[in-house]
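Structure record follows, encoded as structure tokens.
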Amino acid sequence: MAEYKHTLNLPKTKFPMKANLAQREPEQIKKWEAMKLYDKLREGNKGKPVFVLHDGPPYANGDIHLGHAVNKILKDIIVKSKTMAGFDAPYIPGWDCHGLPIELQVEKKVGKAGKKVSTSEFRAACRKYATKQVDGQRSNFKRLGVISDWDHPYLTMDFKFEADIVRALGKIIENGHLHKGAKPVHWCADCGSSLAEAEVEYEDKSSPAIDVRFAILDMEALKTRLEHIDHKHLCDDVSVVIWTTTPWTLPANQGVAVNPGLEYSIIKCSGAGEECLILASDLVEACTKRYEVNDIHVVGTCSGEALENLKLKHPFYDREVPVILGDHVTLEAGTGCVHTAPGHGQDDFIVGQKYHLKVDNPVGPNGVFVEGTPLFAGKHVFKANDDVLEVLRTNNALVHAEKLLHSYPHCWRHNTPIIFRATPQWFISMDQKNLRADAMKQIKETTWLPEWGQARIESMVEGRPEWCISRQRTWGAPIALFVHKQTEEIHPRTIELIEQVAQQIEQKGIDAWYELDVKALLGDEADDYYQVKDILDVWFDSGVTHYVVMNQREGVEDYPVADLYLEGSDQHRGWFQSSLLTSVAMTGTNAYKAALTHGFTVDEKGHKMSKSRGNGVEPTKLSNTLGADILRLWVAATDYRGEMTFSNEILKRIADAYRRIRNTSRYLLANLDDFDPEIHKVAIDKMVSLDRWAVARTHQLQQELEEAYSNYEFHKIYQKVHNFCAGDMGSFYLDVIKDRIYTMPTDSQARRSAQTAVFHIVEAMVRWFAPVLSFTAEEIWKFLPGERTESVFFSEWYAFPDIPKDEYGMDLDYWNQVIEVRDVVNKELEALRTAGEIGANLQAEVELYCGREIFDLLNRLEDELRFVFITSTTKLYIAGEPPKEAQHVTLSSNDEIWIAVSASEHQKCERCWHYREDVGANAQHETLCGRCIENIDGDGETRLYA
RNA sequence: GUGAAGAUAGCUCAAUGGGUAGAGCAACUGUCUGAUAAACAGUGUGUUUCGGGUUCAAGUCCCGUUCUUCUCGCCA
């Protein structure tokens, strides 16, 4: 039976069907390292136009999560696709290494800096810890197939980097943006440090909400203000009532603010004793209800303005505080009278300055009332709340107390409530040298993708407060300033001194600042100045990577502005902004030409992935089970502009799609087993028409893909490549050419023609998905016939041969029409099959009755039409009188066609499986058709079209 | 609570300046056994989150709603 099977050219390949990615990928990574792929790419691409995607540094702490993987894979896809598009695209990875999260981890191990260990020992431990974290994350990123300069990353803790951070600060000072202030800032008692806006998160907290009497001291003054009301209704005791959720700030109270434009009521309550309370008129009802007093009588009303400068008694200290006016007072909650502690609130501070109120801050850095604070010294503020309540009760100042659940700022690292605390801090001013305005201009000069990113960052920069860059911590770059002990002015030679300090830091790291020989630096002035011991906000570190890396590092040394920054959408508030601000402050222009953002990963319910929800996914674990290419394909397939949904079902679909792409590649390779392009490649104008179509169609798709790559629309690439594999290739072209490749003489032109097309297709295809399925592409690359470079990444998009106008007029449009007819024929064949009359299509014969146009169209294929339909016989007729059993179909061109299908009555050729009349006609080959005999014994058949 | 973005078949994505909602995958059914832990063929599927409005006509424009994500926030 297998007599003729050996005369066929069946597909053959060692390319494995089963991907086995988990095992193969690590081997490939080793090969990339061994061949020094990254270095060779830099060398080989020298002189090409440069494209720089500047890597935003992940924080060097903890294992990478899916979000990290998404970010790095997207960057990798872009860098690789740019490389294949003919750019020199260096990719220097970085890590953010200073900062509190690392300090906290190290504290757990060695104890607090300056207590159990010296600060320099502590810094050494931090450096060691960060190094380890970088190593861990780096191997995780490598495992994802990301190609980058892994051996030479930039670390913000490199001595050179640390020195350059200080230099960057110097540049910003030189440009006049530094500002020293003492306003209240977010303060974390656990950190013992100020926090930036970005380090604050709002969470629900239960606080005491209390109403407190501030008795009016000067009744005569009050009466003067209230001339229009009958004074006899006034009680002896009149109090302004404030409402607060932070009782612990009362010791620092310096006034009570009312809104000048609001109306206030003096109400008389009769209870245990008679008293009068002053409340905003609109809040009287809510307040008295809260106080549970029923018997009330409104004595009179007045504007808030009328109360200005009335003297009040502090509820428990022997202190007179004034009534002051402020527009920030609203009717949203409380009493309309606001307790004002300038040291503990931003509005309080601002309004306090107008009235020259004392900025009292009795709270130490650890959140404990300092020694000498009457009644509360030594108590932690949140614990002191109860004590304050007790004291208020004792002093009969407490009107009401309850619990309130409200949104309250928390430290993003400790997750503990933070406080406002007025301390001397360093700021980058947004306005003293027009930083805000200049940054706003630069935002307009920058491309934001998606577009709404611009509106987002504009609103942020427009409204943000000045940037508090000082931290009272240990592990970070120093604010290397000398401040005059008397004048509090920074040293006049600051810029010069900073450079000298930077040079020392470059040699010894940040410890150089603390071991500094101040005398040597300042000479006789040394005693007049103190050295600032605050460190810089870590956001400053990462914010100046544009200065430290771009324009300095090899590969990007002549390149001051990055083409692209690519981060999660949260970085509008983070790195995009810190980079923008520092860059504008230093140079006047932005550090990047375009900012591209991706969304966050969410689970199948659309909820974000987080540790606490337990719905997170470990990318490394995924790589080691399903393979990094599956993960990469998911990243590419997902429209990252919105949320990126990850679920088991999605992953399953992705794995299915992967198998389809892989298998298509495998089949293409299998048909090239005996093909050597040097010897067998058929010139494009000598190819069979259908093969030329296949090349043209592939070329057309490549153009679409190149555009999608340059627009960073990877999900389109996924869709198009997949559809190409399943549609154009699987269900049409590859199915049709089987007959030619399998049954025609090995070296026949028509067979080599098909192989030539397959060769062009796989050459193109392997490049298309190399940026995404890097491991698989590399694997295919090795199986491709012909001379090969070491890696697919040394090549650019495939250069197709110029396709001449088809001599038979069979262009893309032509074949699209044929395919449409093929589809309707297939439907009829399916009906025949369902009826049990045929099995395979080759068992069928087809008769088509059509109008002149379609007839001419199909007739151009002559007898080869049957190969396009994969049927044994196809006959064409001018419509006339179609038989009754013929199915009538209207094509999209409005042309009509009648289709009659039937099972063939002929014998099946053992070799080509067609059912032909001439099977058995030749006595020497009783089971073969004439075509097969010609193909094995004769010169072989001729094919022109399909 | 603010601002922004999104919500279209089970999944991933489409749908030019408003004109009968489309692909692929999955599912199901069948075929083949010369891509075989494959391949081919055929078959459905949607109150386009929901509710209004404008219009001859709305996934598309307007108003509102719900949910999600990012973001902001002195409830003192």
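Predicted model, so just to flag it, every value in this text is computed and none were measured. Proteins come first, then strands; the chains are lettered A, B, ... in the order of their sequence lines, and each starts at number 1.
In summary, A:Asp603 and A:Lys605 do not engage in a salt bridge, as defined by a charged side-chain N under 4.0 Å from a carboxylate O. Salt-bridge annotation for A:Arg662 and A:Glu779: present, with a side-chain N of the basic residue lying under 4.0 Å from a carboxylate O of the acidic one. Ion pairing of A:Lys652 with A:Glu649 is absent here, as no side-chain N (NZ or NE/NH1/NH2) approaches a carboxylate O to less than 4.0 Å.
Out of B:U36, B:U12, B:A5, the shortest distance to the side chain of A:Glu643 is found at B:A5. Of the candidate nucleotides B:A39, B:G42, B:U33, B:G42 has the atom lying nearest to any side-chain atom of A:Lys827. Checking B:A14, B:A26, B:A35 against every side-chain atom of A:Arg641, the shortest atom distance belongs to B:A14. The side chain of A:Leu10 has B:G34 as its nearest neighbour among B:G34, B:U33, B:A76. Looking at the side chain of A:Arg573, the nearest of the listed nucleotides B:U71, B:G10, B:G24 is B:U71. Comparing atom distances between the A:Thr245 side chain and each of B:A76, B:A26, B:U71 picks out B:A76 as nearest. Nearest to the side-chain atoms of A:Thr645 among the listed nucleotides B:U12, B:A76, B:U71 stands B:U12. Taking only side-chain atoms of A:Asn826, from C-beta outward, the nucleotide of B:U71, B:C25, B:G42 with the closest atom is B:G42. The side chain of A:Arg833 lies closest to B:U31, out of B:U31, B:C74, B:G42. In this structure, the nucleotide among B:U12, B:U71, B:A35 sitting nearest to the side chain of A:Ala637 is B:U12.
Contact annotation for A:Gly345: no contact, since no heavy-atom pair falls under 4.0 Å across all strands. Residue contacts shown for A:Gly730 include a base, since a base heavy atom lies under 4.0 Å away. Backbone-only contact: A:Pro409 has heavy atoms under 4.0 Å from sugar-phosphate atoms and none from a base. Counting any heavy atom pair closer than 4.0 Å across all strands shown, A:Ala840 reaches sugar-phosphate atoms only and no base atom. Within 4.0 Å (heavy atoms only), A:Arg911 reaches at least one base atom of the nucleic acid. Using a 4.0 Å heavy-atom criterion, one finds that A:Leu8 contacts the bases of the nucleic acid, with or without backbone contacts as well. Within the nucleic acid shown, A:His607 comes within 4.0 Å of sugar-phosphate atoms alone, with no base atom in reach, counting heavy atoms only. Across all strands, A:Ala670 comes closer than 4.0 Å to no nucleic acid atom at all (heavy-atom distances). Residue contacts for A:Thr340: at a heavy-atom cut-off of 4.0 Å it reaches no nucleic acid atom on any strand shown. Within the nucleic acid shown, A:Lys605 has no heavy atom closer than 4.0 Å to any nucleic acid atom. Counting non-hydrogen atoms under 4.0 angstrom, A:Thr834 reaches nothing in the nucleic acid. Nucleic acid contact for A:Thr597: none, since no nucleic acid atom lies under 4.0 Å from a heavy atom of the residue. A:Asn663 comes within 4.0 angstrom of a nucleotide base, judged by non-hydrogen atoms across all strands.
Side-chain N/O atoms of A:Arg659 include one lying less than 4.0 angstrom from OP1 or OP2 on B:A38. Taking 4.0 angstrom as the limit, A:Arg660 places a side-chain polar atom (N or O) nearer than this to OP1 or OP2 of B:A39. Note on A:Lys716: every side-chain N or O is 4.0 Å or more away from OP1 and OP2 of B:A14. For the OP1/OP2 pair of B:U69 and a distance below 4.0 Å, the side-chain nitrogens and oxygens of A:Lys608 include no atom meeting the criterion. Using a 4.0 Å cut-off, no side-chain N or O of A:Ser731 falls inside it from OP1 or OP2 of B:A39. For A:Tyr4 and B:G34, the shortest distance from a side-chain N or O to OP1 or OP2 is not below 4.0 Å. Within the 4.0 Å cut-off from OP1 or OP2 of B:C72, not a single side-chain nitrogen or oxygen of A:His572 is found.
By the criterion of a centre-to-centre distance under 5.5 Å and near-parallel planes under 30°, the ring of A:Trp913 forms a stack with the base of B:G34.
Side-chain N or O atoms of A:Glu820 include one that pairs as donor or acceptor with a backbone N or O of A:Ser892 at under 3.5 Å. Between the side chain of A:Glu567 and the backbone N or O of A:Gly56, at least one donor-acceptor pair lies under 3.5 Å.
In this view, A:His914 and A:Phe867 satisfy the ring pair (Phe, Tyr, Trp, His ring centres under 6.0 Å) rule, not counting sequence neighbours. In this structure A:Glu458 satisfies the salt bridge (charged side-chain N to carboxylate O under 4.0 Å, His left out) test together with A:Lys444, sequence neighbours excluded. Every residue two or more places apart in sequence or in another chain was checked for a ring pair (Phe, Tyr, Trp, His ring centres under 6.0 Å) with A:His715, and none qualifies. In this view, A:Phe732 and A:Trp693 satisfy the ring pair (Phe, Tyr, Trp, His ring centres under 6.0 Å) rule, not counting sequence neighbours.
Nearest-nucleotide assignment on RNA chain B puts the 5′-proximal partner with A:Tyr640, out of A:Tyr640 and A:Thr743. In terms of position on RNA chain B, the residue among A:Trp243 and A:Ile654 whose nearest nucleotide sits closer to the 5' end is A:Ile654.
B:A9 and B:G22: their P atoms are spaced 14 Å apart (whole Å). When the C1' atom is used for both B:U36 and B:U20, the distance is 43 Å, rounded to whole Å. Rounded to the nearest Å, the gap between the P atom of B:U47 and that of B:C11 is 12 Å. Here the separation of B:U60 from B:A27, taken at their P atoms, is 33 Å to the nearest Å. One P atom belongs to B:A5, the other to B:G64, and the distance between them is 14 Å to the nearest Å. Rounded to the nearest Å, the gap between the C1' atom of B:C72 and that of B:U12 is 33 Å. A distance of about 12 Å separates the C1' atoms of B:C61 and B:G17, rounded to the whole Å. To the nearest whole angstrom, the two C1' atoms, one in B:C13 and one in B:A7, are 14 Å apart.
Atom CG in A:Asp674 sits about 19 Å away from atom P in B:G34, given to the nearest Å. Distance A:Ile819 CD1 to B:A41 P: 12 Å, rounded to the nearest Å. Put simply, CE on A:Met460 is 9 Å from P on B:G73, counting in whole angstrom units. With rounding to whole Å, A:Trp248 atom CH2 is found 11 Å from B:A76 atom P.
For A:Thr927 and A:Glu910, the side-chain atoms include at least one donor-acceptor pair closer than 3.5 Å.
For the strand RNA chain B, secondary-structure stems (runs of at least three Watson-Crick or G-U pairs, all distances below 3.5 Å) span B:3-7 with B:66-70, B:10-13 with B:22-25, B:27-31 with B:39-43, B:50-53 with B:61-64.
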Run the side-chain donor-acceptor check on residues 721-728 of chain A: report pairs under 3.5 Å with partners two or more places apart or on a different chain.
| unit_1 | atom_1 | unit_2 | atom_2 | d |
| --- | --- | --- | --- | --- |
| A:Asp728 | OD1 | A:Arg697 | NE | 3.4 |
| A:Asp728 | OD2 | A:Arg697 | NE | 3.2 |
| A:Asp728 | OD2 | A:Arg697 | NH2 | 3.2 |

For this session: May I have the step-by-step check of salt bridge (Lys or Arg N to Asp or Glu O under 4.0 Å) for A:Asp570 and A:Arg573, ending in yes or no?
Result: CA-CA 6 Å; A:Asp570 58 333; A:Arg573 89 160 176 180; over 6 Å; no
